[in-house]
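Heads up, the thing below is written out as structure tokens.
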Amino acid sequence: MPLRHPGRWVATAVLLVLAAMLVHDMVTNPRFNWGVIRSNIFSSPVLHGVVNTLEVTAISMLVGVLLGVLLAVMRLSPNPVMSGAAWLYIWFFRGTPVYIQLLFWFVISALQPTISLGIPFGPQFVHLSANTLVTPLVAAVLGLGLNEGAYYAEIVRAGILSVDHGQFEAAQSLGMRRVTLMRRIVLPQAMRVIVPPTGNEVNNMLKTSSLCVVVAFPELMYVSTNAAARTYLPIPFYIMACCWYLVMTTLLTVGQYYVERYYARGSSYALPPTPVQRLRRNLTTLRRIPFTTNAAGEP
Amino acid sequence: MADAMVRAEAVHKRYGLLEVLKGITLEVAPSEVMCLLGPSGSGKSTFLRCVNHLEKINSGRLYVDGELVGYEERGGRLHELHEREVCRRRTEIGMVFQRFNLFPHMTAFENVAAAPMLVKKEPRTEVLRRAQTLLERVGLSTKVDAYPNQLSGGQQQRVAIARALAMQPKLMLFDEPTSALDPELVGEVLDVMRALAEEGMTMIVVTHEIGFAREVGDTLVFMDEGVVVESGAPREVIANPQHERTKAFLSKVL
């Protein structure tokens with residue numbers, strides 16, 4: 001007799017009841033306004049909002065990653081000015097709320113109406129108006145990207161520190177200089193440690209981009225909030241926004257799976273097949289069954 | 001005297017208060033194979049790492065092929081060398097580590113070809129041909145596309161030797177190259193090293209393989225507590241050690 005698991009049946013029953021209650025409410029409660037969601041979820045302003053969300057996430061993440069790698073290498077530099085500057089940057093941008101940082105970039109023109117480049121206290125060469133330079137997109141990217149750089153620097157630093165010291169020595173003994181050593185030997189190996197938290201960061205960034213409401217950048221949350229205010233129907237529009245965020249984060253998870261596999265090369269004897277490979281294999285087996293085997297699975 | 005490949009004059013090395021090398025003086029002639037023997041903590045690995053400036057020496061003079069290691073003498077004072085120059089000199093010295101330290105994200109072939117292309121910027125076709133030849137020479141022509149973790153310890157160490165040779169060094173340093181290997185894999189690595197010695201490569205080998213030292217070595221240096229206790233022709237030192245410390249050590253490893 002196999003071991004019985006009564007606890008599993010109890011848990012299943014409890015969860016089924018709870019799920020049924022939820023479904024019942026979702027079906028019978030008219031205030032969900034499913035019709036509003038259905039007619040708006042693929043409407044042009046919402047789709048534009050989705051595209052804008054992806055755009056600001058991608059650019060901010062790119063800024064964050066580049067800045068993070070730079071800061072991490074600076075932090076580990078033997079040059080005390082470099083490591084000190086990186087420390088100060090990380091201290092400031094991790095120590096203040098990203099919400100305030102975003103607001104700050106939005107109102108930068110109040111502090112600095114014109115942005116001038118030149119010698120401090122001396123002649124200035126370039127004058128730019130902050131209002132034309134810092135558009136909502138630029139403010140959003142500055143706010144999110146500069147903040148992300150500080151966090152990402154610590155992730156990259158952890159990755160670099162995870163690489164065996166023998167790798168540094170082997171590369172040095174071959175005459176590699178610090179830049180080559182970092183770029184060709186250390187960072188590719190650090191990636192294995194860096195990629196999983198990077199997936200986390202992109203996921204976070206995607207959702208944190210909803211704070212761009214405060215800089216008037218028309219991403220998904222801005223569009224949804226506006227529609228909610230216009231129609232006095234906040235619930236369906238917020239649910240709609242959540243649906244889109246879920247779709248986007250799910251796609252990201254799939255992408256992360258494949259990136260992790262790429263950087264796992266050389267780390268295990270054979271990688272397990274991807275879901276797609278497994279599906280394809282199953283399909284080919286299925287197709288073969290009717291011709292080669294009978295119902296009992298025997299040839 | 002100036003034609004020695006490696007010349008050490010009263011080399012001292014300290015970590016904080018701990019003095020690891022207490023005045024090492026020795027010479028390695030071109031094409032000579034010098035075996036460094038001694039208990040752990042005697043400073044033999046540290047000395048090897050000083051030779052290619054992975055460690056800075058605190059005092060004394062250390063020359064490789066007539067050039068000071070890591071420093072330049074101008075107007076009677078020593079000036080620390082710029083990273084660029086330190087790295088250029090390192091390209092002329094190959095090093096093989098106890099733990100192989102192959103680059104795990106690269107295949108055997110890429111491990112061998114990486115440094116000549118990235119550091120010396122040699123033409124691609126030339127490097128590829130040489131990498132192929134070197135892997136054949138260490139008996140791994142069938143493993144070119146294998147990643148390090150798909151290779152046995154002995155195979156990894158042979159790739160590591162090929163990787164060091166790809167830079168066409170004039171001096172090879174071996175830091176306990178067989179200590180991390182299963183006993184039955186030791187032979188294949190020693191065979192490669194023996195062949196290299198016969199081709200006239202200058203080598204400094206830190207090892208516990210007395211047999212190798214006796215058969216391949218031209219000189220044997222016994223170190224203990226940061227000093228050279230005794231040195232000479234391997235057969236003589238092994239058969240007839242002069243110092244008590246050497247006798248005690250050899251009686252345990254033989």
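Just so it is clear: chains get the letters A, B, ... in the order the sequence lines come, proteins before strands, and each one is counted from 1.
Atom CZ of R177(A) is separated from atom CG of L118(B) by 13.5 Å, given to the nearest 0.5 angstrom. Atom CE in M167(B) sits 6.0 Å away from atom CG in L174(A) (nearest 0.5 Å). Expressed to the nearest 0.5 Å, how far CZ of R184(A) lies from CE of M117(B) amounts to 9.0 Å. Interatomic distance, NE2 of H105(B) versus CE of M191(A), reported as 11.5 Å (0.5 Å rounding). Put simply, CG on N101(B) and CD1 on I185(A) are 11.5 Å apart, with the number rounded to the nearest 0.5 Å.
The pair E83(B)-R178(A) fails the salt-bridge criterion, with no side-chain N (NZ, NE, NH1 or NH2) lying under 4.0 Å from an Asp/Glu carboxylate O.
Nearest heavy-atom pair, C87(B) versus G175(A), reported as atom, atom and distance to 0.1 Å: CB-O, 3.3 Å.
Both the backbone and the side chain of F103(B) come within less than 4.5 Å of a heavy atom in chain A. Heavy atoms closer than 4.5 Å to chain A are found in the side chain of R49(B), but not in its backbone.
A donor-acceptor contact shorter than 3.5 Å links the side chain of Q167(A) to the backbone of L102(B).
R183(A) CZ: 12 or fewer foreign heavy atoms inside a 6.0 Å radius. In Y257(A), the OH atom is crowded: over 12 heavy atoms of neighbouring residues, nucleotides or ligands sit closer than 6.0 Å.
Here the side chains of M176(A) and R90(B) are not in contact, with every heavy-atom distance at 4.5 Å or above.
Across N52(B), V96(B), T91(B), a single residue satisfies side-chain contact (heavy atoms from CB on, under 4.5 Å) together with S173(A), and that is N52(B).
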